Amino acid sequence: MMKKILIIQGNPVSPSYNGAIAEAYRNGAVQAGAEVRMITLNELEFNMNLEGGYRNKLPLEPDLLEAQEAIKWAEHLVWVFPIWWGGPPALFKGFIDRIFMPGYAFKYHKGKLLPDQLLKGRTARMITTMDGPNWYYKWFQGEPAHKMMKISTFALTGIKPVRITPVDLVGKQSEEQRKKWLEKIEQLGRKMG
């Protein structure tokens, strides 16, 4: 059975190792028979700032409307982004702020504490890169970007399970080590998980 996979590549720098990771995952998933779409955030045109908050929402730009449709289409979401200062880049966070809106990703009802999860039925994998060691990010920094996405974004909207693949020490890796990581990521794509 063909699986519908959407890869969202969130590094604002191009070209990047995140781009190579997204391509490796895509290649593996396509080889396994998945239908794959890809969104590269730095190619989209949109205002990253959620001006007016939820009350005076900006209308969504065409690129964001297409991204919302792609997320609704997908069964599995693969989020590829770097960790900068403990969190995702502003472009990535702005994308989340703008598209995961009430009525699209979740819906509150008067008298209920928790919202309806409007993106149920989807699974996710986050592949994050960082220059520091993952053990430091996990045990000393508390994994803020991973928790933001897994708990505050995906759990609220119904996306589960969420798996995380941290690629650490990127700036210190040899070309051979980087190639090995790309091979591992391609294998993840073949497993479509």
Side-chain angles (χ1 to χ4, degrees), residues 1-46 48 60-83 88-89 91-101 104-105 117-130 145-146 148-150 153-168 170 173 177-193:
M1 188 170 146
M2 185 180 290
K3 194 169 192 176
K4 298 175 184 174
I5 298 175
L6 176 65
I7 302 169
I8 298 128
Q9 197 281 100
N11 193 326
V13 178
S14 187
S16 70
Y17 191 52
N18 290 110
I21 286 171
E23 276 300 317
Y25 190 98
R26 185 190 70 75
N27 291 340
V30 167
Q31 289 168 21
E35 186 178 349
V36 181
R37 296 182 187 175
M38 184 139 39
I39 296 172
T40 302
L41 295 189
N42 70 359
E43 294 175 358
L44 305 184
E45 291 186 27
F46 68 98
M48 298 185 321
L60 293 180
E61 295 86 349
D63 284 347
L64 294 185
L65 291 170
E66 285 180 29
Q68 282 187 331
E69 286 303 312
I71 288 170
K72 286 282 191 179
W73 164 86
E75 298 167 313
H76 184 62
L77 304 166
V78 179
W79 301 80
V80 181
F81 61 96
I83 303 292
L91 176 68
F92 185 91
K93 180 65 168 66
F95 178 77
I96 297 294
D97 288 349
R98 292 292 313 283
I99 66 165
F100 276 62
M101 299 297 288
Y104 170 76
Q117 300 169 322
L118 302 181
L119 296 177
K120 272 185 179 174
R122 286 159 192 81
T123 58
R125 176 171 298 276
M126 289 187 291
I127 304 171
T128 58
T129 59
M130 63 190 86
H146 295 170
M148 177 198 93
M149 291 299 293
K150 188 172 182 176
T153 305
F154 296 146
L156 185 79
T157 60
I159 299 169
K160 67 180 181 182
V162 178
R163 292 181 176 83
I164 302 170
T165 303
V167 181
D168 65 351
V170 171
Q173 290 181 9
Q177 289 169 315
R178 285 174 171 241
K179 281 175 69 175
K180 284 182 181 174
W181 264 113
L182 294 178
E183 289 166 8
K184 288 179 188 175
I185 300 298
E186 189 170 313
Q187 289 173 5
L188 284 177
R190 278 193 212 103
K191 294 175 185 171
M192 296 187 275

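Index from 1, following the sequence. Quick caveat: nothing in here was measured; it's all calculated off a predicted structure.
Checking side-chain atoms of Asp63 against main-chain N and O of Glu45 turns up a donor-acceptor pair under 3.5 Å. Judged by distance alone, the side chain of Glu75 and the main-chain N or O of Gly121 form no donor-acceptor pair under 3.5 Å. Judged purely by atom type and a 3.5 angstrom limit, Thr123 has no side-chain atom pairing as donor or acceptor with the backbone of Pro161. Proximity of a side-chain donor or acceptor of Arg122 to a complementary backbone N or O of Gly158 within less than 3.5 Å is not detected.
Side-chain contact between Leu119 and Lys72 is present, with at least one heavy-atom pair separated by less than 4.5 Å. Residues Leu182 and Arg178 are not in side-chain contact: their nearest non-hydrogen atoms beyond the backbone lie 4.5 Å or more apart. Looking only at side-chain heavy atoms (C-beta outward), Phe95 and Ile8 come within less than 4.5 Å of each other. Here the side chains of Val170 and Trp181 are not in contact, with every heavy-atom distance at 4.5 Å or above. Between Pro88 and Met149 the shortest side-chain heavy-atom distance does not fall below 4.5 Å. Contact check for Val80 versus Tyr25: no side-chain heavy atoms found under the 4.5 Å cut-off. No side-chain heavy atom of Thr128 sits under 4.5 Å from any side-chain heavy atom of Val167.
Distance check: Asn11 CG to Tyr17 OH gives 12.5 Å after rounding to the nearest 0.5 Å. Summarising the geometry, atom NZ belonging to Lys180 is positioned 11.0 Å from atom CD belonging to Gln173; distances are rounded to the nearest 0.5 Å. Taken from CD1 in Ile7 to CZ in Arg37, the straight-line distance is 12.5 Å, to the nearest 0.5 Å. Note: His146 NE2 to Met126 CE = 5.5 Å, rounded to the nearest 0.5 Å. If you take OG1 on Thr153 and NZ on Lys93, they are separated by 7.5 Å, rounding to the nearest 0.5 Å. Atom CZ of Arg125 and atom CE of Met192 lie 13.0 Å apart (nearest 0.5 Å).
Pairing each heavy atom of Ser14 with each of Asn42, the nearest pair is CB-ND2, 3.2 Å. When all heavy atoms of Gly94 and Phe46 are compared, the pair lying nearest together is C-CE1, 4.1 Å. Residue Ala22 comes nearest to Met38 through the heavy atom pair CB-SD, 3.7 Å, listed as atom of the first residue, atom of the second, then distance. Between Tyr104 and Gln68, the closest heavy-atom pair is OH-O, 2.7 Å. Residues Ile164 and Pro166 approach most closely at O-CD, 3.6 Å, considering heavy atoms. Residues Gly10 and Pro89 share a closest heavy-atom pair of O-CG, 3.9 Å.
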TODO: Could you walk me through whether Phe81 and Leu91 pass side-chain contact (heavy atoms from CB on, under 4.5 Å), step by step?
DONE: CA-CA 10 Å; Phe81 61 96; Leu91 176 68; over 6 Å; no
Open item on the list: Using salt bridge (Lys or Arg N to Asp or Glu O under 4.0 Å), reason through Glu183 and Lys179 one step at a time and then give a plain yes or no.
Closed with: CA-CA 6 Å; Glu183 289 166 8; Lys179 281 175 69 175; 5.8 Å; no
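A salt bridge between Arg26 and Glu23 is present, with a side-chain N of the basic residue lying under 4.0 Å from a carboxylate O of the acidic one.
The aromatic rings of Trp79 and Phe92 stand perpendicular to each other, their planes meeting at an angle above 60°, with 30° marking the opposite boundary.
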